[in-house]
Participant: 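Quick one: structure below, then a few questions.
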Amino acid sequence: MRSFLFVPADSERKLAKGPASGPDGLILDLEDSVATDRKTIARDMALAYLKSADRAGPKLYVRVNALDTGLTLGDLAIVMQGKPDGIVFPKCVGQADLDLMSNYLDALETREGMEHGKTRILTIATESAAAILALTAAPAKHARLIGHSWGGEDLMADLGALAKGPSPGVYDDTFKLARTVNLMASVAAGVTAYDTVYPDIRNIEGLRMEARDARRMGYGGKIAIHPDQVAIIHEVFTPSEAEIDWANRVIATFEGNPGAGVLTMDGKMLDKPHLVLARRLVARKGG
């Protein structure tokens with residue numbers, strides 16, 4: 001999946017409009033976009049949406065509240081009745097937190113008569129200094145995990161930073177580190193790395209530039225906070241016809257020479273890293 005779109009779970013209008021922009025995944029948000037006095041309302045609205053939505057549309061994920069709020073289990077107890085495709089797990093601090101979330105899902109899937117392991121997890125994995133250090137020490141892995149994303153706003157607060165950088169999309173070294181660690185942890189776990197949100201919703205060119213930077217680094221997708229951002233994310237993270245043609249020819253070249261370690265194509269050397277990249281591009285075709 002190339003894109004996720006955040007939608008406040010307590011906004012009937014935004015929930016209704018969410019799928020129209022064509023995101024690969026829709027995140028029903030119970031956390032940052034919902035005021036404290038509306039948390040219970042948001043849970044119930046998320047459940048109603050999950051039960052009534054066309055499941056042939058985007059994958060439906062729910063971002064629950066973080067473990068330190070005391071609301072996580074209550075969120076899960078309600079929304080798992082609607083059998084979401086996945087849970088977005090904010091402020092996840094390494095393997096121990098990921099394992100704990102999976103244990104909660106084990107129990108709730110059993111309660112709901114669901115297939116074990118069906119509910120996937122996308123973490124927001126860099127929202128504190130402790131989380132970044134945990135990923136650096138031991139990248140979090142799990143069979144439920146589909147990806148790690150990084151977050152800058154909460155990290156900024158945790159660090160006491162006044163800004164993430166001098167301008168939108170230009171990051172200070174601490175935030176570059178978070179972005180890099182998230183990418184490497186995702187690759188080490190064998191899952192997709194998702195770039196963080198771009199908060200300036202009117203700056204489409206800024207979004208495009210940041211998304212291109214992320215894709216060049218190795219990111220596989222990006223999270224949106226406004227429907228207008230989805231098309232740009234798809235434009236950037238969908239491999240072009242030329243890239244797919246190159247990838248297919250690389251794969252065919254290696255398949256035609258199964259014992260070779262180094263080959264040539266179009267007058268250029270090919271080795272196994274090119275084959276790995278080619279297979280990743282083909283796997284990302286069409287999202």
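All values derive from a computational prediction rather than experimental measurement. No hydrogens, no waters, no symmetry mates; every other heavy atom, side chains included, goes into these values. When a residue number appears, it is its place in the shown sequence, counting from 1.
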Participant: Are any non-hydrogen side-chain atoms of Val282 and Asn248 less than 4.5 angstrom apart?
Facilitator: yes
Participant: Taking Asp271's backbone N and O only, do any of them form a donor-acceptor pair with His274's side chain (distance below 3.5 Å, no angle check)?
Facilitator: yes
Participant: The test is side chain to side chain contact (heavy atoms under 4.5 Å, CB included); show your working for Val276 and Lys272 and say whether it passes.
Facilitator: CA-CA 6 Å; Val276 171; Lys272 290 299 173 67; 5.5 Å; no
Participant: Quick check on Met156: does its CE atom have over 12 non-hydrogen neighbours (other residues, nucleotides or ligands) under 6.0 Å away?
Facilitator: yes
Participant: Just by distance, do the side chain of Glu210 and the backbone of Tyr198 share a donor-acceptor pair under 3.5 Å?
Facilitator: no
Participant: Which atom pair, heavy atoms only, marks the closest approach of Thr192 to Gly221?
Facilitator: CG2-N, 4.4 Å
Participant: Name the residue from Lys118, Arg144, Lys83 that meets the salt bridge (charged side-chain N to carboxylate O under 4.0 Å, His left out) definition with Glu109.
Facilitator: Arg144
Participant: What distance separates Leu133 CG from Thr126 OG1, expressed to the nearest 0.5 Å?
Facilitator: 11.5 Å
Participant: Enter the distance from Thr180:OG1 to Asp173:CG here, rounded to the nearest 0.5 Å.
Facilitator: 10.0 Å
Participant: Can you name the nearest heavy-atom pair linking Leu47 to Gly82, along with the distance?
Facilitator: CD1-N, 3.3 Å
Participant: Which of these passes salt bridge (charged side-chain N to carboxylate O under 4.0 Å, His left out) with Asp10: Arg43, Arg38, Lys39?
Facilitator: Arg38
Participant: Work out which heavy atom in Phe89 is nearest to a heavy atom in Asp97; give both atom names and the distance.
Facilitator: CE2-O, 3.3 Å
Participant: Is a donor on one side and an acceptor on the other found under 3.5 Å between the side chain of Thr72 and the backbone of Ala66?
Facilitator: yes
Participant: Treating Ser167 as the side-chain partner and Val170 as the backbone partner, does any N or O pair qualify as donor plus acceptor under 3.5 Å?
Facilitator: no
Participant: For the backbone of Ile132 and the side chain of Thr136, can you confirm whether one donor and one acceptor N or O come within less than 3.5 Å of each other?
Facilitator: yes
Participant: Evaluate side chain to side chain contact (heavy atoms under 4.5 Å, CB included) for Val197 paired with Glu153, printing each intermediate quantity in order.
Facilitator: CA-CA 10 Å; Val197 301; Glu153 302 301 325; 5.8 Å; no
Participant: Just by modelled atom types, is the Ala140 backbone N or O under 3.5 Å from a matching donor or acceptor in the His148 side chain?
Facilitator: yes
Participant: Verify, without hydrogens or angle tests, whether Asp29 (side chain) and Ser33 (backbone) share a donor-acceptor contact under 3.5 angstrom.
Facilitator: yes
Participant: Evaluate the side-chain proximity of Leu105 to Leu76: yes if any heavy-atom separation is below 4.5 Å, no if none is.
Facilitator: yes
Participant: With a cut-off of 6.0 Å (strictly less than), are more than 12 heavy atoms of other residues, nucleotides or ligands near CZ of Arg55?
Facilitator: yes
Participant: In Å, rounded to the nearest 0.5 Å, how long is the span from OH of Tyr104 to CE of Met80?
Facilitator: 13.5 Å
Participant: With rounding to the nearest 0.5 angstrom, report the CG to CE distance, Leu67 to Met101.
Facilitator: 6.0 Å
Participant: Return yes if some donor-acceptor pair links the side-chain N/O of Arg179 with the main-chain N/O of Thr196 below 3.5 Å, else return no.
Facilitator: no
Participant: Tell me, yes or no, whether the heavy-atom count around Glu112 atom CD, taken from other residues, nucleotides or ligands under 6.0 Å, exceeds 12.
Facilitator: yes
Participant: Taking Lys141's backbone N and O only, do any of them form a donor-acceptor pair with Gln95's side chain (distance below 3.5 Å, no angle check)?
Facilitator: yes
Participant: Atom CG in Asp85, atom CZ in Arg120: separation rounded to 0.5 Å?
Facilitator: 10.5 Å
Participant: Work out which heavy atom in Gly18 is nearest to a heavy atom in Pro23; give both atom names and the distance.
Facilitator: O-CD, 3.7 Å
Participant: Any side-chain heavy-atom pair from Val34 and Ser11 closer than 4.5 angstrom?
Facilitator: no
Participant: So Lys17 and Val7, side chain to side chain contact (heavy atoms under 4.5 Å, CB included) or not? Walk me through it.
Facilitator: CA-CA 9 Å; Lys17 291 176 62 178; Val7 179; over 6 Å; no
Participant: If we count only N and O atoms by modelled type, under 3.5 Å, do the side chains of Arg2 and Thr238 hold a donor and an acceptor together?
Facilitator: yes
Participant: Distance from Ile146 atom CD1 to Lys59 atom NZ, nearest 0.5 Å?
Facilitator: 10.0 Å
Participant: Between the side chain of Ser149 and the main-chain N/O of Tyr194, is any donor-acceptor distance below 3.5 Å?
Facilitator: yes
Participant: Would you sort out whether Thr110 and His116 count as a side chain to side chain contact (heavy atoms under 4.5 Å, CB included), showing the intermediate values?
Facilitator: CA-CA 7 Å; Thr110 299; His116 175 73; 5.7 Å; no
Participant: Closest heavy-atom contact between Ala46 and Ala9?
Facilitator: CB-CB, 4.1 Å
Participant: May I ask you to test the Val79-Leu50 pair for a side-chain heavy-atom distance under 4.5 Å?
Facilitator: yes
Participant: Any side-chain heavy-atom pair from His226 and Arg202 closer than 4.5 angstrom?
Facilitator: no
Participant: Listed by chain and number, what are the side-chain hydrogen bond (donor to acceptor under 3.5 Å, both in side chains) partners of Ser186, not counting sequence neighbours?
Facilitator: none
Participant: Which of these, Thr123, Asn182, Asp195, sits in a side-chain hydrogen bond (donor to acceptor under 3.5 Å, both in side chains) with Trp150?
Facilitator: Asp195
Participant: Is the CZ atom of Arg279 crowded by more than 12 outside heavy atoms at less than 6.0 Å?
Facilitator: no
Participant: By side-chain contact (heavy atoms from CB on, under 4.5 Å), which residues pair with Asp154, not counting sequence neighbours?
Facilitator: Asp32, Lys91, Glu127
Participant: I'd like to check Asp266 versus Arg249 (side-chain heavy atoms, cut-off strictly below 4.5 Å). Are they in contact?
Facilitator: yes
Participant: For the residue pair Gly151 and Ile124, what are the closest heavy atoms and their distance?
Facilitator: N-CG2, 4.0 Å
